[in-house]
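Okay, structure first, notes after.
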Amino acid sequence: MVLIASRRRSSTRLLRPPGDALLSLALLVTLVVGLVAAGQALGQTDRVDQVEVTGEVDESGPVYDSDGRLVETPFVPEPAEARLESDAAVELALAFPKVRDWIARFPGEEQVTQATYDSETETWAVKVWSDDEAGQIALVRIRDSTGEITEAWTGPQVNWTMARGRDGAFGRKLNDPEIWLGFSALFLVGLADFRRVRSLYNLDLLVLLSFTASLWFFNRGEIFTSVPLAYPPLIYLLVRMLWIAKRGRPSSSARRVRWPTWLLIGVATLTIGFRVGLNLEQSNVIDVGYASVIGAQRIVDEGRSPYGNFPTREGEECGPPDSSGAVRDRIQDNGRCESSNERGDTYGPVTYLAYAPGYLALGWSGKWDQLPAAHFTALVADLLVILGLILVGWRYGRGRMAAIFVFAWAAFPFTQYVSSSNANDALVPGILVLGFWAATSAPARGLVTGLAAWAKFAPLVVAPLWLAYPHALSLRRLRSPALFIAGFLVATVLAFWVLLLEPNVGRAARTFWERTIDWQLGRESPFSLWGWGRYRYLDLGLLQTALKVVVVLGALATAFVPRYRSPTTLAALTAALLIAFELTLTHWFYLYIVWFLPFVLFSLFVGAQAENESTTESDTHACVSATATQGATEGAISTVDG
């Protein structure tokens, strides 16, 4: 029985590193160990049922078969009569300090209240709306028998459950202080220069770790504290990357890493193994990973474009309610009982195609369960980044540089945050790092830029920069840009063939636009300063628009300046553009840190070898005279150990 009442209310190295051959073997073993561990564990992974989502098993609930048909119903006792009146429930809710203080932010606005009694749980749900754009501004749950407030959510916590500070909502066990701080301590101890404690280099490391302060408040549900704390490290890193790009000279940071190479490799290997274990045993799959698996299933199994074909909540119920009382499992238009994810088709087609191998190998039950295909792909993407870092490190600094890169990635806690959330965000750096390794090939750069862009769109911001490498655009040098564009077009074909699966390609293209870029451009979110206008804090819409224009113009300008860009300049500007893009996002989250992290690491750690690395493109000889002075300067810089 449900009662509803509404009303309106006013108001220097330590040891000599081993030879290059041994280093190469050790780094390869590091990668293989991670792959083998992932494969063996995934092979032993069983699917679990909806308890992964709800966190509990309701033995008294209805029973459904594998097709979602109801086969058994429980005994239903007589509903309990409400002790409280609806007006009393509303008064209790509005008098609660947290709710009272929040509603006071909307003076002069007419508010609408609604009290709903659930006889099964014997609780009242009181909702409060404001007549302005804020919409629903409070949700309170009250135990009918005692009048106790069991939940009180205000502001962004009403519509965003991820803003409520649920324990382990992202990453599960990784959020335990001893594990998170252990990763952070390992990252700092392994890389810091304790001989020069007050160095800018050590500050760089601390700034990278300082996102932890913001995350701590996020995990407590204090969004209006966590969001501002994310901006100082982003702004610092943006300025730092622009400074490195302007100098165009290598950093000496790698020489400050005091651990011997063999120790870096050994610890990195153990850390990677631990990371795989965390993913498989103590992690969860958030909606991002779940959506990626759905998209793969739609393409592979059903031969449909994922866009506009995701499971919704409109069909017949075919499963039990979740912890909030909502029934997510519904019969879809394909006849399957599937857990809904209406807005999961917002990523590029490369993301869904990347999850196809995992889906083919491990399948999908149709439910938001353990999703082994999501675990598999998250691990493969993580190891893809590590492979790319090995290749880049070896090219520009041989074994020692590769060991530093791999250690830094493995020990940095926010990279594991992506893995333990089984999100798809490691795909962006995984693809881009391989492109950076092959940056001297214009077609390869174009192909990789296209694949990364059609995975999560953000890499589009670096396309002009990568188009004009190593020289700025010029009418005298058109071959390299033409080859880049050709590679980009190949990537576009490889990605968007999925739209041909629909009978009407034009309509499929419109649906793609509406469900992805168009929706993202108009998206509202409390996880940035730009989305706080509706909460009566800040209305920074005009500033955000101005900054977006600056970022777009800056991205276009990188095709023309500087006239010559070294590998260090390319890495630093890539990081700067990605960071600048993130600074303008209405919906920003900690998962996005990994997008720019490899390029920050390269900019901070790479030695003079990168600047002396020869390019192989046909027009390289034309710039010899222009770069002679720079080459002489860089040749005077001592090389990195190893």
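Values below: every heavy atom of this structure, side chains too, minus hydrogens, waters and symmetry copies.
- Here the side chain of W497 pairs a donor or acceptor atom with the backbone of L494 at under 3.5 angstrom.
- At most 12 heavy atoms of other shown residues, nucleotides or ligands fall within 6.0 angstrom of atom CZ in R507.
- Side-chain contact, Y352 with D345: no donor N or O sits under 3.5 Å from an acceptor N or O.
- The line from CD1 of I223 to OG of S214 is 8.5 Å long, rounded to the nearest 0.5 Å.
- The line from OG of S421 to CG of N175 is 7.5 Å long, rounded to the nearest 0.5 Å.
- With 3.5 Å as the limit, one finds a donor-acceptor pair spanning the side chains of S283 and N422.
- Side-chain contact of E222 with S226: a donor-acceptor pair under 3.5 Å is absent, judged by distance alone.
- Although no hydrogens or angles enter the test, the distance criterion places a donor-acceptor pair under 3.5 Å between the side chain of W368 and the main chain of V285.
- Open room surrounds CD on E314; 12 or fewer heavy atoms of other groups in view lie less than 6.0 Å from it.
- Between W466 and F436, the angle of the ring planes lies from 30° to 60°, which puts this pair in the tilted group.
- Listed for the Y307 side chain is a donor-acceptor partner under 3.5 Å among the backbone atoms of Y347.
- Remark: K548 NZ to T586 OG1 distance equals 5.0 Å, nearest 0.5 Å.
- Using a 4.0 Å cut-off between charged nitrogen and carboxylate oxygen, E338 and R298 count as a salt-bridge pair.
- Put simply, the residue from F527, Y535, F589, W153 that forms a ring-ring contact (aromatic ring centres under 6.0 Å, His included) with W160 is F527.
- Between F457 and W454, the ring planes are perpendicular. Angles over 60° get that label, and only those under 30° would be called parallel.
- Proximity of a side-chain donor or acceptor of Q157 to a complementary backbone N or O of R164 within less than 3.5 Å is not detected.
- Between E524 and R534, at least one side-chain N (NZ, or NE/NH1/NH2) sits under 4.0 Å from a carboxylate O, which counts as a salt bridge.
- In terms of modelled atom types and a separation under 3.5 Å, the side chain of H587 and the main chain of S528 share no donor-acceptor contact.
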N424 and T351: side chain to side chain donor-acceptor pair (under 3.5 Å), yes or no, with the steps?
CA-CA 7 Å; N424 55 30; T351 292; 4.7 Å; no

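- Between the side chain of T545 and the backbone N or O of G541 there is at least one donor-acceptor pair closer than 3.5 Å.
- A cation-pi contact links R336 to W364, judged by a cut-off of 6.0 Å to the six-membered ring centre and 45° from its axis.
- Using a 4.0 Å cut-off between a side-chain N of Lys or Arg and a carboxylate O of Asp or Glu, D333 and R304 qualify as a salt bridge.
- Note that the CG atom of L208 and the CG atom of L597 stand 6.5 Å from one another [nearest 0.5 Å].
- The environment of W129 atom CH2 is dense: over 12 non-hydrogen atoms of other residues, nucleotides or ligands sit within 6.0 angstrom.
- Atoms CG and OG1, from L553 and T558 in turn, are 11.0 Å apart once rounded to the nearest 0.5 Å.
- Atom CZ of residue R445 and atom CG of residue L483 lie 9.0 Å apart, to the nearest 0.5 angstrom.
- Between Y590 and W588, the ring planes lie perpendicular to each other; the angle is over 60°, past the 30° to 60° tilted range.
- Relative orientation of the W532 and Y537 rings is tilted, given thresholds of 30° and 60° on the angle between their planes.
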